[in-house]
2 protein chains.
Amino acid sequence: MNTEFATIDTRLPAYARLRDTLTARIARGDWTPETPIPSEARLAREFDVSVGTVRKAVDGLVGEGLLERRQGSGTFVRAPSFNASLFRFFPMRDSDGAPVSIPQSRMLRRTPTTAPAEAEAALGTADVIQISRLRCLTEQPVLFEEIYIPRNRFPGFETLPDTAFGPLLYPVYFEKFGTLVKRATDEVSFDRASPPVAAQLHINPGDPLAVIRRTAFDIEGTAVEWRIASGSAAGFRYRSEIN
Amino acid sequence: MNTEFATIDTRLPAYARLRDTLTARIARGDWTPETPIPSEARLAREFDVSVGTVRKAVDGLVGEGLLERRQGSGTFVRAPSFNASLFRFFPMRDSDGAPVSIPQSRMLRRTPTTAPAEAEAALGTADVIQISRLRCLTEQPVLFEEIYIPRNRFPGFETLPDTAFGPLLYPVYFEKFGTLVKRATDEVSFDRASPPVAAQLHINPGDPLAVIRRTAFDIEGTAVEWRIASGSAAGFRYRSEIN
DNA sequence: TAGTGGTCTAGACCACTAC
DNA sequence: TAGTGGTCTAGACCACTAA
């Protein structure tokens, strides 16, 4: 990636070039969330700008949620991932009001395929890998997900061993493919369960279904994943903040 | 409101005191969106701080969406209201794919009452005014809303003439009561239409319903409105950004 | 105590807008 | 051309953290 400080379009202000350079280094994984990035004074020397300019660049990344300042300690890369789990929209307590046990994910399939129209429109390519997952709470299937990721961005994803996957995919995207999911758009609607989806969720065909379509974007704003997730509409509650 | 610069807790940094002072003046309506606020240099003289400190205060308010800078022209108050209309989550096209015509609101009732438990929990008081509205697209009822606002904050709201209301309530809150809605939380769930709601929406009891519960907050973060809105689940699509 | 980020100053010059 | 915000500097001192 052509994002070294000196090579970035010099029509951009210094703080913007520095911000983009830092973004690239963060995305590349130069720093872990445990070790601080260089101090403001060091960065000022390294890039030959004033500390105030470094502060403005870092301020921008802090505002985006990529960095985190700790007075007296340093500035750190924030552990990735917003609270992205779709689980949180489904009931986490059983009928007695007792909290249900640990969420689990069962990977059903990973295959290269041609994307359906909606996924292609979101991702800008039809050359994708399809991932089917079933997510369960206390052995009960809660959420059925069909996920599409561009093949050129995740080469060999379908051949990874099953043991490479925990309950979340975004850490795998980051650690194995250097893709950091930064934000996403969700679209919630209601439908009736088709026979195959009903079979996966152990409900009856025609039962009301909550459907979440999500497009996820990386730091640069490129769409990197499209998914459609379905669960029983009973007890479903989608929460969101608007500003 | 005790928010003049000199009287604000001096343990706060200067830029924070200035920011809070400006917030109070904006909320009070000292400036319209058409006339610029005083220039950075003027504010620096008025509050006896440096221009850099003024910039930091203004930067914060720009980040919150309260102010807008225009290089060469000045800094302006942003016209209030995020894109808050719940309308946008319902189909805006009829079955032919043609855009439906202008959204309309019909005020059904405004009465002082005791808030239901959910509204009381959100607002911190049960002494409220209840507003019932029906929102229509091309004469078709689309959304039925029950809205609760604290009586002490909106005194006399129930006696305003019907002509005071356009399709949106938030401008009325601001212009008549000085309450600026800044953010809100939504919760989307699924239900079936009760007979009274079904009658309002011209659907059958038991039909699938999309339900949005919203709590709205003012600039200071105080809950100022709770509402529950219901519409047919068919064609409903709730969109949201997550970060 | 040394090093970090947090606040603040008092300038400078530039880019843009409106008159 | 005068006035605005946009960028940038080179300091100062403070508050906090960790060794």
Side-chain angles (χ1 to χ4, degrees), chain A residues 5-6 8-23 25-26 30-79, chain B residues 5-6 8-23 25-26 30-79:
Chain A
F5 189 76
I8 294 180
D9 187 345
T10 50
R11 285 171 306 187
L12 281 177
Y15 80 88
R17 279 179 285 151
L18 177 50
R19 183 196 56 208
D20 294 347
T21 302
L22 292 176
T23 300
R25 292 194 182 177
I26 294 165
D30 280 16
W31 303 296
T32 69
E34 291 78 31
T35 60
I37 72 171
S39 75
E40 298 180 344
R42 286 188 70 85
L43 288 171
R45 280 198 301 277
E46 179 182 352
F47 294 101
D48 196 28
V49 295
S50 77
V51 176
T53 301
V54 173
R55 283 194 71 81
K56 179 148 186 177
V58 172
D59 279 346
L61 297 176
V62 170
E64 285 180 36
L66 254 51
L67 292 177
E68 178 184 359
R69 298 180 190 276
R70 290 184 214 149
Q71 186 174 161
S73 302
T75 299
F76 298 78
V77 176
R78 286 233 321 200
Chain B
F5 190 74
I8 293 180
D9 186 345
T10 51
R11 286 171 305 186
L12 282 178
Y15 79 90
R17 278 180 286 153
L18 177 51
R19 182 196 57 206
D20 294 347
T21 302
L22 292 175
T23 300
R25 292 194 182 176
I26 294 166
D30 279 16
W31 303 296
T32 70
E34 290 77 31
T35 60
I37 73 170
S39 75
E40 299 180 344
R42 286 188 71 85
L43 289 171
R45 281 198 300 278
E46 180 183 349
F47 294 100
D48 195 29
V49 296
S50 77
V51 176
T53 300
V54 173
R55 283 193 72 80
K56 179 146 186 178
V58 172
D59 279 346
L61 297 175
V62 169
E64 284 181 37
L66 254 51
L67 292 177
E68 177 184 359
R69 298 179 190 276
R70 290 182 214 152
Q71 185 174 161
S73 302
T75 299
F76 298 79
V77 177
R78 285 233 320 201

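For the numbers below, each heavy atom of this structure counts, side chains included, while hydrogens, waters and symmetry mates do not. Below, chain A is the first sequence line, B the second, and so on; all start at residue 1. This structure is a prediction, so every number in the text was calculated from the model and none was measured.
Between B/Arg78 and B/Glu64 there is no salt bridge, since none of the side-chain N atoms of the basic residue sits less than 4.0 Å from a carboxylate O of the acidic one.
Position along DNA chain D of the nearest nucleotide to A/Arg70 versus A/Val51 favours A/Val51 as the more 5'-ward residue. With the nearest nucleotide of DNA chain C identified for both A/Gln71 and B/Ser73, A/Gln71 has the one nearer the 5' end.
Counting heavy atoms from C-beta outward, B/Phe76 and B/Pro36 have side chains that approach closer than 4.5 Å.
Going from atom CD1 of A/Ile26 over to atom OG1 of A/Thr32 covers 12.0 Å, rounded to the nearest 0.5 Å. Rounding to the nearest 0.5 Å gives a distance of 4.5 Å between CG of A/Leu61 and OG1 of A/Thr23. Atoms CG and CZ, from B/Asp59 and B/Arg19 in turn, are 11.5 Å apart once rounded to the nearest 0.5 Å.
With A/Thr35 contributing its side chain and A/Trp31 its backbone, the two residues share no donor-acceptor pair below 3.5 Å.
The pairing partner recorded for D/dT17 is C/dA2, the criterion being a Watson-Crick or G-U wobble arrangement whose two distances lie under 3.5 angstrom. Across all strands shown, C/dT9 forms a Watson-Crick or G-U wobble pair, both distances under 3.5 Å, with D/dA10.
Residue contacts shown for B/Arg55 include a base, since a base heavy atom lies under 4.0 Å away.
The span of DNA chain D lying next to chain A, judged by atoms under 4.0 Å from heavy atoms, is bounded 5' to 3' by D/dT7 to D/dA18.
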